[in-house]
Every structure is written in structure tokens, then in C-alpha cells.
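These notes are about the structure you will find just below.
Along the sequence shown, the residues carry numbers beginning at 1.
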Amino acid sequence: GILPHEQAQLVKKPTFDNANLSTFVHDVYSNDTLGQVATMHLALCDVQKLGARDEIAMELAKAQSYAVDFPKTGVPPEVPIGIEKILKGGYPDFMRRPVCYASSKPLGHCYRRA
């Protein structure tokens, strides 16, 4: 695939004026998904057997990289399809969500010992 900085070079840069600034600010705020993507990644790494080495977790990490770079590149992240199904069983207890389970991973053990 194309890396965020490479894809940014392919995006045609418009001339800069007030209308473009307004559009840019709107796009940045409406596509500000970094927190959501990071939360999904943390939960997914906990629920998947391979953790951060899981293929879907690595795809989500890539999406998180795009989310970080979005304000600079204008390239929005693409969250892999099907993550909602994986996370429908709830979030790890250390994330303190209404629907949660006791995480068996090291972060869950640390959370419960604190």
C-alpha cells in the first residue's frame, strides 16, 4: 500500500485562500477520528489472541497513523470493516466502559492491582 506521506504527495494542493481555509478547518474537525481509532485499537489488541500482532490490529494501527497525519495530508483514515463485530462483546475493564469484561492481558492485571 501507499504510506500516508506518499499519498499526501499525490493529493493536488489547492491555492490557499479564506474559502480553502474554511474547508480545511471543517474537514479536520469532521474527520477528527484519532481518539476513536486509538480506542478501537487498544480494545482490539486486548480481545485478539495475537494482540498488537493480529492482522486486523495492524491494519487499525495503520489507520491510526493516517488519523494522526490527516491534518497535514488531508488523507482520512480507513478503519477496517468488521471491527464493530469483534468489539460487540464489550471493552476491557481497564477502559472503564459501561459494557466490559475482565481483561486477561497484562494491562488488565495491572489495572485491577492498582
Query - Same apolar cluster: Ile56 and Tyr66, side chain cutoff 4.5 Å - result: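 No, it is not one cluster - the side chains of Ile56 and Tyr66 are not joined through contacts under 4.5 Å.
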Consider only side-chain heavy atoms of I, L, V, M, F, W and Y, link residues closer than 4.5 Å, and tell whether Tyr111 and Leu42 are in one cluster.
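Yes, because Tyr111 and Leu42 connect within a single hydrophobic cluster, where side-chain heavy atoms sit under 4.5 Å apart.
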Pairwise distance NZ(Lys62) to NE2(His41) - rounded to 0.5 angstrom: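 These two atoms lie 13.5 Å from each other.
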* To the nearest 0.5 angstrom, please state how far the CG atom of Leu44 sits from the CE atom of Met58. =>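 The distance works out to 11.0 Å.
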Return the minimal non-hydrogen interatomic distance between [X] and [Y], and the atom names on each side.
{"X": "Leu60", "Y": "Met40", "value": "CD2-C, 3.6 Å"}
{"X": "Cys45", "Y": "Ala57", "value": "SG-CB, 3.9 Å"}
{"X": "Pro76", "Y": "Gly74", "value": "CD-O, 3.4 Å"}

**Prompt:** Does Ile81 sit in a hydrophobic cluster with other residues, and if so which ones, taking ILVMFWY side chains as linked at heavy-atom separations under 4.5 Å, directly or through other members?
**Reply:**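 Taking Ile, Leu, Val, Met, Phe, Trp and Tyr as members, Ile81 stands alone, with no cluster partners.
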With a 3.5 Å cut-off and sequence neighbours excluded, list the donor-acceptor pairs that the side chains of residues 82-98 form with protein atoms.
from  : atom 1 : to     : atom 2 : distance (Å)
Asp93 : OD1    : Ser103 : N      : 3.3
Asp93 : OD1    : Arg112 : NH1    : 3.2
Asp93 : OD2    : Arg112 : NH1    : 2.5

Does any pair with a residue in residues 38-56 pass salt bridge (Lys or Arg N to Asp or Glu O under 4.0 Å), and if so which ones, sequence neighbours excluded?
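Found none.
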| request: Answer whether the closest heavy-atom distance between the side chains of Leu34 and Val68 falls below 4.5 Å. | output: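 Yes; the side chains approach each other to less than 4.5 Å.
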